[in-house]
Protein chains: 2
Amino acid sequence: MSGPPTTEQIAHPARDELELSAVLHALSDPVRLMIVAELSKGEREYTCGSFELPVTKSTCTHHFKVLREAGLIKQRQQGTTRLNTLRRQDLEARFPGLLDTILQAAADTAPLQPQPV
Amino acid sequence: MSGPPTTEQIAHPARDELELSAVLHALSDPVRLMIVAELSKGEREYTCGSFELPVTKSTCTHHFKVLREAGLIKQRQQGTTRLNTLRRQDLEARFPGLLDTILQAAADTAPLQPQPV
DNA sequence: CAACTTGTACGACGAGCGTCGTACAATGCT
DNA sequence: AGCATTGTACGACGCTCGTCGTACAAGTTG
């Protein structure tokens, strides 16, 4: 193999372009909040398929797209899979404390927890 | 005057019933975030008309209703006017630090500020 | 009483959201 | 090569959202 193994041509907003309303809207959906909560539990990269979500594949793609366009996650292509990571530093720089506070609130009040794989 | 001057028959969710997704959704609208930011600046009660909002009266009523049903504000009838206050304590008890963090993020990144009256 | 103020109720409209199914592209594996 | 895996693209569907205009209710004030 001589060509580039990864594509990395996925649009992401810059740190200074993150909008609060987009972030809050993204996290106001229970499924997306689940995804972000899962991502926040580890430092490793998660594939889209490593979540037990109560929606189909295409809906899952949609939610990851919303999260990416709001600047919450970074997506990196690797082979057929797409690796997702939380943009912790960017979020912390732009909206200090916001992510942790929301995740804490979610953990305190969530009736159900998703299952990682 | 011998009769009751205020009605106080407006439905509000109890503290323990506040849902995170509803709160985040309520605050993901710029107009509603403006309203909450204004309310947070003072301890006094604000009438619905004391905001300079870029929407009509009926839209304003709608936004206050969303905020009330999400548990962000308390509305109290007094004569023809309705007095609004932020439910600071309830929010702090249910979602510690959430309101302040969001308001801080809004203040840091907001391009425009509303005008109080 | 009549006029005004403050805000709600209701219906309408266009836009967007969350969901799905099917089809397809790209990669990995046998 | 052929097949399986992973995820996207696209269209469709109901539903909700934000907005508005008009009409109306409840107080306040002349």
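Below, chains carry the letters A, B, ... as their sequence lines are ordered, and counting in each starts from 1.
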Whole angstroms only, please: what is the [atom1]-[atom2] distance between [X] and [N]?
X      : N       : atom1 : atom2 : answer
R32(B) : dT16(D) : CZ    : C1'   : 12 Å
E69(A) : dA9(D)  : CD    : C1'   : 14 Å
N84(B) : dG7(C)  : CG    : P     : 8 Å
I35(A) : dG7(D)  : CD1   : C1'   : 14 Å
K65(A) : dT19(C) : NZ    : C1'   : 15 Å
Q78(A) : dT27(C) : CD    : C1'   : 11 Å
E45(B) : dT6(C)  : CD    : C1'   : 16 Å
Q77(B) : dA26(D) : CD    : P     : 11 Å

Which nucleotide in the list [options] gets nearest to the side chain of [X]?
X      : options                  : result
T47(A) : dG18(C), dC10(D), dG7(D) : dG7(D)
K57(A) : dC20(D), dT8(D), dG18(D) : dT8(D)
H62(A) : dT8(D), dT19(C), dG21(C) : dT19(C)

So does [X] get a side-chain nitrogen or oxygen closer than 4.0 Å to the phosphate oxygens (OP1/OP2) of [N]?
X      : N       : answer
S58(A) : dG21(C) : no
H63(B) : dC17(D) : no
T80(A) : dG7(D)  : no
R82(A) : dT8(D)  : yes
T61(B) : dG7(C)  : no

Distance (rounded to the nearest 0.5 Å) between [X] [atom1] and [Y] [atom2]:
X      : Y      : atom1 : atom2 : result
D29(A) : H62(A) : CG    : NE2   : 7.5 Å
E69(B) : L72(B) : CD    : CG    : 11.5 Å
R32(B) : H25(B) : CZ    : NE2   : 5.5 Å

Cation-pi geometry met for R44(B) and Y46(B) (6.0 Å, 45°)
yes
Tell me, do Q75(A) and K65(A) make a side-chain contact under 4.5 Å, heavy atoms counted?
no
Angle by which the axis turns from one end of the helix from dC1(C)-dG30(D) to dT30(C)-dA1(D) to the other, five pairs per end, to 10 degrees
10°
Atom pairs and distances, donor-acceptor, side-chain atoms in residues 93-108 of chain A, under 3.5 Å, two or more places apart:
residue, atom, partner, partner atom, Å
R94(A), NE, L18(A), O, 2.8
R94(A), NH2, D16(A), O, 3.3
R94(A), NH2, L18(A), O, 2.9
T101(A), OG1, G97(A), O, 2.6
Q104(A), NE2, D108(A), OD1, 3.1

Touch class at under 4.0 angstrom, heavy-atom based, for T81(A) against every strand present:
sugar-phosphate
Under a plain distance cut-off of 3.5 Å, with no hydrogens placed, do T56(B) and T59(B) share a side-chain donor-acceptor pair?
yes
Please indicate whether E45(A) has more than 12 foreign heavy atoms, meaning atoms of other residues, nucleotides or ligands, lying under 6.0 Å from its CD.
yes
Could you check D29(A) against C60(B) and say which one's nearest nucleotide on DNA chain C is further toward the 5' end?
C60(B)
